[in-house]
Amino acid sequence: MSEKLRCLIVGSGPAGYTAAIYASRANLAPVLYEGMQPGGQLTTTTEVENFPGYPEGTTGSQLMDDLRKQAERFGADIRFGMVTAVDCSQRPYKVTIDGETELQTETLIIATGASAKYLGLPDEQRYSGSGVSACATCDGFFYRNKTVAVVGGGDTACEEAGYLAGLAAKVYLIVRKDYLRASRIMQERVLQNPKIEVLFEHETIGLTGEAVVQGADLVKRRGKADEEKVHIDIDGFFLAIGHKPNSDIFKPWVETDEVGYIKTQPGSPRTKLPGVFAAGDVADPHYRQAITAAASGCQAAIEAERYLATLE
Ligand code: NDP
């Protein structure tokens with residue numbers, strides 16, 4: 001016999017935990033599965049200073065611990081496990097955890113987040129939280145008047161380079177091609193910003209530094225006759241080469257855009273499937289902030305409550 005739930009939340013970032021807080025307080029007896037990285041992306045950042053309510057700032061891990069405890073205080077059942085199969089062909093929806101536990105749920109809140117893409121260099125792991133970041137808005141503040149590099153040539157990279165240029169003394173934008181893929185206006189902003197130096201046709205091969213990032217080794221025009229090794233001194237290394245929403249397992253049942261972000265009705269976490277909601281970064285290519293994710297988790301729980309009321 002599979003367990004029957006009224007509300008299943010998948011994912012343990014700000015969206016998932018906030019959904020759990022609201023759903024528990026609404027007596028939906030939510031069960032939340034944490035996934036592979038309990039606490040989500042925020043646990044990989046160091047300090048969080050832009051989440052309202054923390055005037056002195058906090059750490060990503062502390063913030064997620066607090067949200068988790070708050071959800072547990074109201075009775076949310078938080079479990080460790082990964083969703084390995086989903087069947088939304090009929091209600092209640094069937095979800096399998098870790099290939100063995102079968103659940104049936106009336107409502108499903110997908111809050112599985114997105115994962116920043118990395119280059120795949122061992123140094124990215126080595127200096128994780130010590131100069132390597134995939135979120136300028138989260139970590140840029142720590143590089144005031146310092147020198148940083150941003151990798152990527154799309155809109156995100158240009159936006160992050162511009163944001164960082166407002167704080168840092170100098171920003172290198174490391175672009176692997178000889179052009180920027182970003183929209184024209186974003187390109188112009190970057191190219192006209194005196195603090196940003198665009199290194200076209202450069203690829204990063206490693207990072208240097210004792211305990212924290214102090215430099216990056218690059219190759220210019222890799223594989224060409226005039227290939228050249230370049231070293232830059234930097235204090236921070238920001239990845240902006242795209243995000244991958246963690247939506248693969250839900251794709252047969254919900255609509256996604258070409259990148260994989262779950263499509264919801266404008267201004268709402270409702271997917272096209274009744275009782276299935278998507279909150280946080282898995283459905284948000286634009287803002288990707290803890291506070292916006294938390295807000296959409298709240299909306300999802302309220303929507304789940306209203307949906308259940310129509311059923312009952
Ligand atoms: P994109 O996929 O548009 O761009 C990724 C960039 O990273 C490209 O320049 C790509 O290079 C580069 N890249 C990818 N892999 C590597 C690698 N291994 N090494 C070096 N460089 C690499 O992602 P974005 O996150 O920039 O944007 C995603 C979507 O969100 C886009 O549709 C964008 O328009 C949108 N967006 C819009 C904004 C706005 O309008 N304000 C702000 C932010 C995003 P290459 O070009 O060589 O493939």
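Order of appearance sets the numbers: ligands from 1, and atoms from 1 within every ligand. Fair warning: this is a prediction, and the values are worked out from it, not measured in the lab.
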Return a table of donor-acceptor pairs under 3.5 angstrom between the side chains of residues 74-82 and protein atoms on other chains or two or more places apart.
| residue | atom | partner | partner atom | Å |
| --- | --- | --- | --- | --- |
| D77 | OD1 | R79 | NE | 3.2 |
| D77 | OD2 | R79 | NE | 3.2 |
| D77 | OD2 | R79 | NH2 | 2.8 |
| R79 | NH1 | E3 | OE1 | 3.0 |
| R79 | NH1 | Y33 | OH | 3.0 |
| R79 | NH2 | E3 | OE2 | 2.9 |

Which protein N or O atoms sit under 3.5 Å from any N or O of ligand 1? Give atom names and distances.
| residue | atom | partner | partner atom | Å |
| --- | --- | --- | --- | --- |
| ligand 1 | 9 (O) | G153 | N | 2.8 |
| ligand 1 | 9 (O) | G154 | N | 3.2 |
| ligand 1 | 11 (O) | R176 | NE | 3.3 |
| ligand 1 | 25 (O) | T156 | OG1 | 2.6 |
| ligand 1 | 26 (O) | D155 | N | 3.3 |
| ligand 1 | 26 (O) | T156 | N | 2.9 |
| ligand 1 | 26 (O) | T156 | OG1 | 3.2 |
| ligand 1 | 34 (O) | D155 | OD2 | 2.5 |
| ligand 1 | 41 (N) | E159 | OE2 | 3.1 |
| ligand 1 | 46 (O) | R181 | NE | 3.0 |
| ligand 1 | 46 (O) | R181 | NH2 | 3.4 |
| ligand 1 | 47 (O) | R176 | NE | 2.8 |
| ligand 1 | 47 (O) | K177 | NZ | 3.0 |
| ligand 1 | 48 (O) | R176 | NH2 | 3.0 |
| ligand 1 | 48 (O) | K177 | NZ | 3.4 |
| ligand 1 | 48 (O) | R181 | NH2 | 2.4 |

Check: I262 main-chain N/O paired with S247 side-chain donor or acceptor under 3.5 Å: no
Main-chain N/O of L273 paired with W253 side-chain donor or acceptor, under 3.5 Å: no
Distance-only donor-acceptor pairs under 3.5 Å for side chains of residues 211-228, two or more places apart:
| residue | atom | partner | partner atom | Å |
| --- | --- | --- | --- | --- |
| Q214 | OE1 | E210 | N | 3.1 |
| D217 | OD1 | H231 | ND1 | 2.8 |
| R221 | NE | D226 | OD1 | 2.9 |
| R221 | NE | D226 | OD2 | 3.0 |
| R221 | NH1 | E201 | OE1 | 3.4 |
| R221 | NH1 | E201 | OE2 | 2.9 |
| R222 | NH1 | E203 | OE1 | 2.9 |
| E227 | OE1 | G223 | N | 2.6 |

N/O donor-acceptor pairs under 3.5 Å from side chains in residues 191-199, not counting sequence neighbours:
| residue | atom | partner | partner atom | Å |
| --- | --- | --- | --- | --- |
| N193 | OD1 | K195 | N | 2.9 |
| K195 | NZ | A165 | O | 2.8 |
| K195 | NZ | A168 | O | 3.0 |
| E197 | OE1 | K170 | NZ | 2.7 |

Single-linkage hydrophobic cluster, 4.5 Å side-chain cutoff, V276 and F250 together: yes
